[in-house]
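Because only heavy atoms are used, hydrogens play no part in the values below, and waters and symmetry mates are left out as well, while side chains stay in.
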Amino acid sequence: MAAVDEGLLPARVERTTLEGHGGVAVEAIHARPEGEPVRGLVVHPDIGGVRPLFDDICRRLATHGMAVCAPEPWARIPEAERAGLDVAARMARMPERDDDAQLGDLAAAAEFLRAGDGVQEVAVLGFCMGGMYALKAAATGAFDRAVVYYGMIRLPEGWHGPRQGEPLAVAAGACPTLAFFGDADPWTPAADVEALRAVWADHSEHEIVVYRGADHGFVHDPSRPAHRPADAADTWRRTLAFLGVP
C-alpha cells in the first residue's frame with residue numbers, strides 16, 4: 001500500500017472549522033497525537049479537497065508526534081455546490097483562485113496549531129495542486145519547512161488568473177523545502193524541474209528528488225493507477241526525516 005507508516009503514538013482525528021482569510025469559515029481536518037506534539041504540520045490536499053483519504057493521512061502523520069491541520073481548499077464555494085464538482089470542473093475554476101485567500105487559509109491553519117496545540121514550529125506539505133500552493137506558502141514566512149509532492153512549478157495552461165501568482169517566481173524566498181517529482185509527470189515537465197533546481201542552486205537547505213518513470217500523483221492515494229509503493233515509501237521516509245520526527 002505504501003501509505004505513510006504509522007508511528008508509535010496513538011492519535012485522534014476530528015473535523016473542525018477555522019477562521020480563514022477574510023473571516024471565511026473553513027472546514028478542516030485536525031489530528032493530534034497523544035501527549036505533547038513536537039511540531040505542527042499544515043497539509044494542503046490535492047484538487048479533490050478534504051475527504052476521508054486525508055483524514056487517514058493526517059491521522060497517520062499525527063502518530064509521528066505532529067499536530068496536523070488540513071484546511072478545505074475550496075472553502076469559498078458552498079458545500080452543496082462543492083460536492084457536485086468533479087476534477088474537470090475544479091480545474092476549470094482554477095483561474096478564479098486567489099493566492100491571498102489560499103495562502104491566508106494555510107497561515108490560519110498554522111496559527112490554529114500554534115494556539116491550540118502549543119507547537120512553535122509549523123511546516124507545510126501539499127500534494128498536486130496543494131503541492132503548488134505549498135511551494136508558494138514556503139515563501140510567505142509562515143512556515144519553517146515545506147514538503148512539495150509533485151506541485152506545479154509553473155502555472156499550467158488554463159490556470160492563469162489575475163490573483164494567481166507563478167510558484168517559480170517566489171521560490172527563491174522559500175524556507176527549507178523538500179520537493180518530490182516524477183520524470184513522467186506532464187504537470188511538472190523536466191524543464192520546470194530544472195528551472196527550480198537553478199533557482200535553488202546555491203541553497204543547500206533545499207532538496208529536489210526525482211523518481212524515474214513516476215507519473216503525477218504517485219504517492220498519496222494508493223488506489224490510483226499511478227501509485228508506486230516503493231517510491232511512495234521512500235518519499236515518506238525522507239519526509240519524516242526532513243521534518244525531524246521518528
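- Between Pro167 and Ile153, every side-chain heavy-atom pair lies at or beyond the 4.5 Å cut-off.
- Across all their heavy atoms, Pro162 and Pro95 have their closest contact at CD-O, 4.1 Å.
- Using a 4.0 Å cut-off between a side-chain N of Lys or Arg and a carboxylate O of Asp or Glu, Asp183 and Arg212 do not qualify as a salt bridge.
- Put simply, the side chain of Asp221 does not reach to within 4.5 Å of the side chain of His227, judged on heavy atoms.
- Asp99 and Arg163 are not joined by a salt bridge, as no carboxylate oxygen comes within less than 4.0 angstrom of a charged side-chain nitrogen.
- Here the side chains of Leu155 and Gln164 are in contact, with some heavy-atom distance below 4.5 Å.
- Summarising the geometry, atom OG1 belonging to Thr140 is positioned 8.0 Å from atom CG belonging to Leu106; distances are rounded to the nearest 0.5 Å.
- Counting non-hydrogen atoms of neighbouring residues, nucleotides and ligands closer than 6.0 angstrom, the CD atom of Glu81 exceeds 12 such neighbours.
- The distance from atom CG of Asp98 to atom CZ of Arg76, rounded to the nearest 0.5 Å, is 7.5 Å.
- The hydrophobic clustering, which links ILVMFWY residues whose side-chain heavy atoms are closer than 4.5 Å, places Val170 and Val42 apart.
- In this structure, the side chain of Arg39 engages the main chain of Leu243 through a donor-acceptor pair within 3.5 Å.
- When all heavy atoms are compared, the tightest approach of Val50 to Pro73 is N-CD, 4.2 Å.
- Between the side chains of Asp117 and His30, at least one donor N or O sits under 3.5 Å from an acceptor N or O.
- Aromatic ring centroids of Phe181 and Tyr211 lie 6.0 Å or more apart.
- Put simply, Phe54 and Val147 are part of the same group of oily side chains (I, L, V, M, F, W, Y) that touch within less than 4.5 Å, one to the next.
- Linking Ile, Leu, Val, Met, Phe, Trp and Tyr whenever their side-chain heavy atoms come within less than 4.5 Å leaves Ile29 and Trp74 in two separate clusters.
- The shortest distance between side-chain heavy atoms of Asp144 and Cys175 does not fall below 4.5 Å.
- The closest side-chain heavy-atom distance from Tyr149 to Cys128 is not below 4.5 Å.
- No side-chain heavy atom of Phe127 sits under 4.5 Å from any side-chain heavy atom of Pro45.
- Taking NE2 from His44 and CG from Leu103, the interatomic distance works out to 8.0 Å, rounded to the nearest 0.5 Å.
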Practice problem: May I have the step-by-step check of side chain to side chain contact (heavy atoms under 4.5 Å, CB included) for Val4 and Leu61, ending in yes or no? | Solution: CA-CA 7 Å; Val4 58; Leu61 289 167; 4.2 Å; yes

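- Put simply, SG on Cys58 and CE on Met66 are 9.5 Å apart, with the number rounded to the nearest 0.5 Å.
- Panel note: side chain Arg90, backbone Leu85; a donor-acceptor pair is recorded below 3.5 Å.
- Under a hydrophobic clustering in which Ile, Leu, Val, Met, Phe, Trp and Tyr are joined whenever their side-chain heavy atoms come within less than 4.5 Å, directly or via other members, Trp159 and Ile77 fall into the same cluster.
- Nearest approach of Val122 to Leu113, heavy atoms of both residues: CG1-CD1, 4.3 Å.
- Taking all atoms of both residues into account, the shortest heavy-atom contact from Asp105 to Pro71 is O-CG, 4.4 Å.
- In this model, a donor atom of one side chain and an acceptor atom of the other lie less than 3.5 Å apart for His220 and Asp46.
- Arg97 and Gln102 form a side-chain donor-acceptor contact under 3.5 Å, judged by distance and modelled atom types alone.
- Shown here for Gly217 and Ala226, the closest heavy-atom pair between the two residues is O-CB, 4.3 Å.
- Going from atom CG of Leu196 over to atom CD1 of Ile208 covers 4.0 Å, rounded to the nearest 0.5 Å.
- Partners of Arg197 according to the salt bridge (charged side-chain N to carboxylate O under 4.0 Å, His left out) rule, which considers only residues two or more places apart in sequence or in another chain, are Glu194.
- Within 6.0 Å of the CD atom in Glu34, the count of heavy atoms belonging to other residues, nucleotides or ligands does not exceed 12.
- Phe218 does not carry Arg224 over the face of its six-membered ring by the limits of under 6.0 Å from the centre and within 45° of the normal.
- Glu14 has no carboxylate O lying under 4.0 Å from a charged side-chain N of Arg32, or vice versa, which leaves the two without a salt bridge.
- Between Leu18 and Cys69 the shortest side-chain heavy-atom distance falls below 4.5 Å.
- By the rule that hydrophobic residues join a cluster once side-chain heavy atoms approach within less than 4.5 Å of another member, Phe112 and Ile57 end up as members of separate clusters.
- Asp55 has no carboxylate O lying under 4.0 Å from a charged side-chain N of Arg59, or vice versa, which leaves the two without a salt bridge.
- Aromatic pair Trp236/Phe180: centroids not less than 6.0 angstrom apart.
- Taking both residues in full, the closest heavy atoms of Pro176 and Phe242 are given as O-CZ, 3.4 Å, listed atom of the first, atom of the second, then distance.
- By the 4.0 Å N-to-carboxylate-O rule, Arg60 lies close enough to Asp56 to be salt-bridged with it.
- Comment: Glu27 engages Arg15 in a salt bridge, judged by a side-chain N to carboxylate O separation of less than 4.0 angstrom.
- Side-chain contact between Ile47 and Val87 is present, with heavy atoms from C-beta onward closer than 4.5 Å.
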Practice problem: Could you give me the CA-CA distance, side-chain angles and deciding distance for Met94 and Met129, then say whether side chain to side chain contact (heavy atoms under 4.5 Å, CB included) is met? | Solution: CA-CA 10 Å; Met94 286 304 296; Met129 176 195 79; 3.6 Å; yes

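- Expressed to the nearest 0.5 Å, how far CG of Leu168 lies from CG of Leu135 amounts to 8.0 Å.
- Checking His64 against Glu6 by side-chain atom types alone, no donor-acceptor pair falls below 3.5 Å.
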